[in-house]
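Only one structure is covered here, and it is reproduced in the block below.
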Amino acid sequence: MNKRVRVRFAPSPTGGLHLGGVRTVLYNYLFAKQQGGDFIVRIEDTDQNRFVPGAEAYIFDTLAWCGLVPDESPVHGGPFAPYRQSERKENYRQYAEQLVKNGFAYYAFDTPEELETKRAQVPNFQYSHATRSGMCNSLTLSEAETADKRKGPYVIRIKMPESETVRFTDMIRGEVSFNTAQVDDKVLLKADGMPTYHLAVVVDDYLMKISHAFRGEEWLPSAPVHLLLWKYLGWETDMPQWAHLPLILKPDGNGKLSKRDGDRLGFPVFAMDWTDPRTNETTVGFRERGFLPEAFVNLLALLGWNDGTDSELFTLEELVQKFSMERVHRAGAKFDFEKAKWFNHEWIRKVPVDHYRQQVQLLLEQNGITIQDQAVLEKVLQLVKDRCTFLTDFVQQTSFFFRTPDSIDSAAIKPKWDSTKNLFFTELIRAWQLSTLWEATDLEKEFKELAATNQLKPGELMLPFRIMLVGGKFGPGVFDIAAIIGKEETVHRIQHTLKLLA
RNA sequence: GCCCGGUUCGUCUAUCGGCUAGGACAGCCCCCUUUCACGGGGCAAAGACGGGUUCGAUUCCCGUACCGGGUACCA
């Protein structure tokens, strides 16, 4: 039973990839890489009505941003191509027919409208062992009638046993069992010839030699259908091990986290910006909001898993090493944006500034600031990174290094402003203009000495000085700022504010 | 309704029968910093409920409650 580990992420291209989806990919990826196995992405586009253009490309862009590279996929290729179920359409019918032949499935001719009215008439109607004798299918029709009906549209349904216990061991939940009496005769092959998820997932997992199948908890109720299909198709010994991942819940109240919760509560739910081609509406993503992929991956990994120690910061490589399905929590987790922010802040500080220098530069350019000297940018980033939670915070925190502030909060200075302070700064300008040294420590020393000779406390002068240079009450050490922007600009900004105060 | 799953501080979680129930985020207080942060120190905060099993239950079993998921020719 030591087969090669092969896992798959099987999204349907119906929209942006949200938190829960990315976490499912991540757990798949971590497990595969740790076991030296293969990580496969298979596109489950069996529902032609729900197809959304651009959604597939978006999924791969997201994976690329997160650094989760598939070994096999429709874009990366692989020995089991094609990896799009719509392109594998011809595969499925034979298996459905085989099931019918062996008595595990049957043809059903009831139209969607008939089913709809049935459901309207009979509360909780289920197409099952209890009701199928009253419906129109190959079990109730003669062979000749069936053959005739087959000329028109029909579906193939699984014939669930009347009362059988189906059990399996879930890697996260342990022993889980179902009574087949409760589950209905799911459609396996649709009237358009496409398989439903139920058939397609089993057939493709088998054909692609998937060893472990990880998916969201919402799939647990249909697990008995899948288990039985593996058995009926005669593939039982090749069945993958299952793990049903806990859901990610909305932060307030209860329920699965949805895109709407993000809009409502002001945080991203999708990994990257997603524009719905039908409505042209854009939903903001973690990336555009200013998250580092390192942080995004890290926070997702910890939403439902931990390594058993107090450590919380992990690189992808560390996660690959430490991840284990056994340590995945069973219960759903409410998403906490505050904690997400903390992760990002930590990663902005932890990672070399070089990792996001270009992105910050781009953000600055969007705000009309062009960077001439990369070395200066890097120095500045190093200086302010501790105060940035999002990449976008760098704009406010660094602009004044490259551009004279367009507004000066002189109101913060005025109340305590007087002629002695005015004189101090005038003298400061004179002194610095003569100065040949321009290191932060030199500036601080001169500043304080001059304050002393004027019988002023340096503290009273620091805030005004900061506002002259920065425009407001924020930013790193003032002398560091002065050192970087240079003598000319420093003097210029002091003079400018002095004029404002006059 | 029925089926399945879940239930430890506000939130994410640790604990694999011995607990003064640990950590992190958020909150509050103090220190550092005459900006904003970072950092350091501290405070407050939890085992849904009821039965068993056991010398001992947060941990095992049963029931109840609550929450979630599913109940489509969607995935």
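Convention: sequence-line order gives letters A, B, ...; per-chain numbering from 1.
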Is there, by distance only and without an angle test, a donor paired with an acceptor across the side chain of A:K339 and the base of B:rA26 below 3.5 Å? no
For A:R119 and for A:V478, locate the closest nucleotide of RNA chain B by heavy-atom distance; then report the residue assigned to the nucleotide nearer the 5' terminus. A:V478
I'd like the P distance from B:rA44 over to B:rC49, given in whole Å. 22 Å
Tell me whether the OP1 or OP2 atom of B:rA14 has a side-chain N or O from A:N306 closer than 4.0 Å. yes
Which part of the nucleic acid does A:R215 contact within heavy-atom distance under 4.0 Å: base, sugar-phosphate only, or nothing? nothing
Nearest to the side chain of A:D336, which nucleotide is it out of B:rC3, B:rC73, B:rC25? B:rC25
The nucleotide from B:rC73, B:rU71, B:rG23 with an atom nearest the side chain of A:D184 is B:rU71
Taking only N and O in the side chain of A:R330, is any of them less than 4.0 Å away from OP1 or OP2 of B:rG5? no
Determine the contact category for A:T111: base if any of its heavy atoms lies under 4.0 Å from a base atom, sugar-phosphate if only primed atoms, P, OP1 or OP2 are that close, otherwise nothing. base
Do A:Q126 and A:T131 meet the criterion of a side-chain donor-acceptor pair at a distance under 3.5 Å? no
Decide whether A:R157 and A:Y127 meet the rule of one side-chain donor and one side-chain acceptor closer than 3.5 Å. no
Pick the nucleotide of RNA chain B nearest each of A:D386 and A:V187; which residue has the one closer to the 5' end? A:D386
With a non-hydrogen cut-off below 4.0 angstrom, is A:K256 in contact with a base, only sugar-phosphate, or nothing? sugar-phosphate
